[in-house]
Student: 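Before anything else, here's the structure in question.
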Amino acid sequence: MKISVITIFPEFFDSFQTTSIIKRAIENKKVEFETIDFRDFTLDKHRHVDDTPYGGGQGMVLACQPIIDALRSIQSERSHVVMLTPQGNTFSQKKAVSLSRYDHLIFLCGHYEGFDERIRSYVDEEISIGDYVLTGGEPAALVVSDAVIRLLDGVILEDSHEDDSFSDGLLEYPQYTKPAVFEGKKVPEVLLSGHHANIRRWRLKESLRKTMQKRPDLLENRTFTKEEEKLLTEIKEETDVKDQ
């Protein structure tokens with residue numbers, strides 16, 4: 001996969017490309033990552049990439065020409081163009097999986113009062129990482145890139161992300177490591193038992209429990225298996241007993 005980020009702050013991504021898993025993915029050629037400074041494409045002699053909004057108002061608006069010329073310089077039939085904007089659909093693990101299937105992702109990072117509306121006709125989709133406003137699209141591009149890159153074949157062990165929170169629509173079960181007892185707090189006995197079937201069942205139950213407690217909205221439209229329905233009943237009974 002190739003990821004291209006169109007931005008006026010390419011230096012924002014320097015440490016991202018030279019750290020940990022992302023660094024290894026780039027070195028092992030699992031992903032090609034590049035930044036394109038769209039200021040290099042402006043025809044303005046002062047290198048301006050924005051202008052005042054028609055109709056008046058505060059702030060500056062990013063102009064079409066430098067962004068579209070930058071886009072055309074790298075775009076191909078295999079490219080999927082994503083505008084990062086608060087107006088986009090909220091990013092999710094499901095969307096990360098979907099994006100990971102493209103050969104070439106291009107992210108457009110906005111600034112100031114946003115994009116000239118006409119730029120939207122050149123993109124394939126718009127994505128938001130949450131209901132808040134950032135100073136620019138760069139943090140969002142970094143978040144989405146990180147979530148996508150770790151899903152690529154060979155970047156991390158497949159088992160490492162199959163149990164991630166949201167990978168199956170649930171929050172991840174609790175994790176523990178040595179020592180088995182720390183300041184009187186013990187690791188659940190089932191995890192020390194070596195009984196794989198019981199461990200799997202415990203992990204599913206705790207995923208359901210944690211999701212019920214912290215993100216019940218994730219369960220609203222879920223189609224439960226018979227095992228999950230049984231575990232939910234157990235969780236509710238345990239909760240009722242605890243509340244008595």
Side-chain angles (χ1 to χ4, degrees), residues 1 16 19-25 28 30-31 88-102 127-132 134 139-244:
M1 168 183 274
F16 175 69
T19 305
S20 188
I21 291 173
I22 305 302
K23 178 184 178 181
R24 293 199 299 271
N28 295 331
K30 302 300 181 181
V31 64
N89 292 320
T90 303
F91 187 59
S92 66
Q93 185 67 17
K94 182 178 180 181
K95 174 54 65 175
V97 172
S98 175
L99 292 176
S100 71
R101 299 188 178 115
Y102 288 101
I127 288 177
S128 166
I129 61 168
D131 295 337
Y132 46 86
L134 301 169
L142 190 150
V143 166
V144 177
S145 295
D146 186 283
V148 169
I149 291 172
R150 66 189 302 278
L151 294 175
L152 301 178
D153 290 342
V155 173
I156 62 175
L157 294 175
E158 187 174 351
D159 289 347
S160 295
H161 62 72
E162 283 186 343
D163 291 334
D164 286 341
S165 291
F166 308 112
S167 60
D168 62 352
L170 301 173
L171 299 185
E172 188 179 11
Y173 49 79
Q175 296 274 23
Y176 299 87
T177 189
K178 298 175 182 178
V181 181
F182 178 75
E183 295 186 350
K185 300 177 178 64
K186 299 180 179 179
V187 172
E189 288 294 332
V190 64
L191 298 179
L192 307 176
S193 69
H195 195 299
H196 298 298
N198 287 349
I199 292 173
R200 183 202 62 79
R201 187 179 188 277
W202 179 88
R203 285 175 168 171
L204 176 57
K205 183 175 181 179
E206 294 309 308
S207 285
L208 287 165
R209 189 194 308 276
K210 187 170 285 191
T211 306
M212 283 181 64
Q213 293 172 343
K214 298 185 176 183
R215 289 292 305 276
D217 56 295
L218 296 176
L219 302 178
E220 290 177 359
N221 298 313
R222 183 181 180 85
T223 300
F224 297 100
T225 65
K226 290 183 178 179
E227 181 183 29
E228 288 174 344
E229 290 177 347
K230 183 176 180 181
L231 292 173
L232 283 171
T233 298
E234 291 180 12
I235 292 168
K236 291 175 181 176
E237 289 175 349
E238 292 167 4
T239 302
D240 290 342
V241 170
K242 186 177 179 180
D243 291 341
Q244 287 179 358

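Hydrogens, waters and symmetry mates play no part in the numbers below; they use all other heavy atoms, side chains included.
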Student: Can you list the residues that meet the side-chain hydrogen bond (donor to acceptor under 3.5 Å, both in side chains) rule with R200, with sequence neighbours excluded?
Tutor: E227
Student: Return the set of residues passing side chain to side chain contact (heavy atoms under 4.5 Å, CB included) with K186 (not counting sequence neighbours), or none when no residue passes.
Tutor: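 Residues passing side chain to side chain contact (heavy atoms under 4.5 Å, CB included) with K186: V181.
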Student: State which residues pass side chain to side chain contact (heavy atoms under 4.5 Å, CB included) with S128; sequence neighbours excluded, sorted by chain then number.
Tutor: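 None.
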Student: Looking at CD1 of I156 and CZ of R150, how far apart are the two atoms once the value is rounded to the nearest 0.5 Å?
Tutor: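 Here the interatomic distance stands at 4.0 Å.
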Student: Are any of the side-chain heavy atoms of V31 and V148 separated by less than 4.5 Å?
Tutor: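 No, their side chains stay 4.5 Å or more apart.
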Student: Just checking N28: does its CG atom have more than 12 heavy atoms from other residues, nucleotides or ligands closer to it than 6.0 angstrom?
Tutor: yes
Student: I'd like to know if the side chain of S100 and the backbone of V97 have a donor-acceptor N/O pair within less than 3.5 Å.
Tutor: yes
Student: Decide yes or no for R201 and H195: does some side-chain heavy atom of the first lie under 4.5 Å from some side-chain heavy atom of the second?
Tutor: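 With C-beta onward as the side chain, the pair stays apart.
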Student: Under 4.0 Å between a Lys/Arg side-chain N and an Asp/Glu carboxylate O for E229 and K226?
Tutor: no
Student: To the nearest 0.5 Å, what is the distance between NZ (K205) and CG (N198)?
Tutor: 11.5 Å
Student: Using modelled atom types only, decide if a donor and an acceptor are shared between the side chain of S207 and the backbone of E172 within a distance under 3.5 Å.
Tutor: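 Not at all, since once roles are kept as given, no pair shorter than 3.5 Å links the two residues.
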Student: If you round to the nearest 0.5 Å, how far is CG of L208 from CG of L171?
Tutor: 10.0 Å
Student: Could you tell me the separation between the CG atom of L99 and the NZ atom of K95, rounded to the nearest 0.5 Å?
Tutor: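 Going from the CG atom of L99 to the NZ atom of K95 covers 5.5 Å.
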Student: Report yes if some heavy atom in the side chain of M1 is under 4.5 Å from a heavy atom in the side chain of L151; otherwise report no.
Tutor: no
Student: Any chance you could measure R24, atom CZ, to T19, atom OG1, to the nearest 0.5 Å?
Tutor: 11.0 Å
Student: Please enumerate all residues that pass side chain to side chain contact (heavy atoms under 4.5 Å, CB included) together with V187, with sequence neighbours excluded.
Tutor: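 With neighbours one apart ignored, the set is Y176, L191, L192.
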Student: Could you walk me through whether R203 and E206 pass the salt bridge (charged side-chain N to carboxylate O under 4.0 Å, His left out) test, one step at a time?
Tutor: CA-CA 5 Å; R203 285 175 168 171; E206 294 309 308; over 6 Å; no
Student: Please lay out, stage by stage, how L218 and L170 fare under the test side-chain contact (heavy atoms from CB on, under 4.5 Å).
Tutor: CA-CA 7 Å; L218 296 176; L170 301 173; 6.0 Å; no
Student: My understanding is that only residues two or more places apart in sequence, or in another chain, count here; which of them pass side-chain hydrogen bond (donor to acceptor under 3.5 Å, both in side chains) with D217?
Tutor: R215
Student: With sequence neighbours excluded, what pairs up with I22 under the side chain to side chain contact (heavy atoms under 4.5 Å, CB included) test?
Tutor: F16, I26, D146, I149
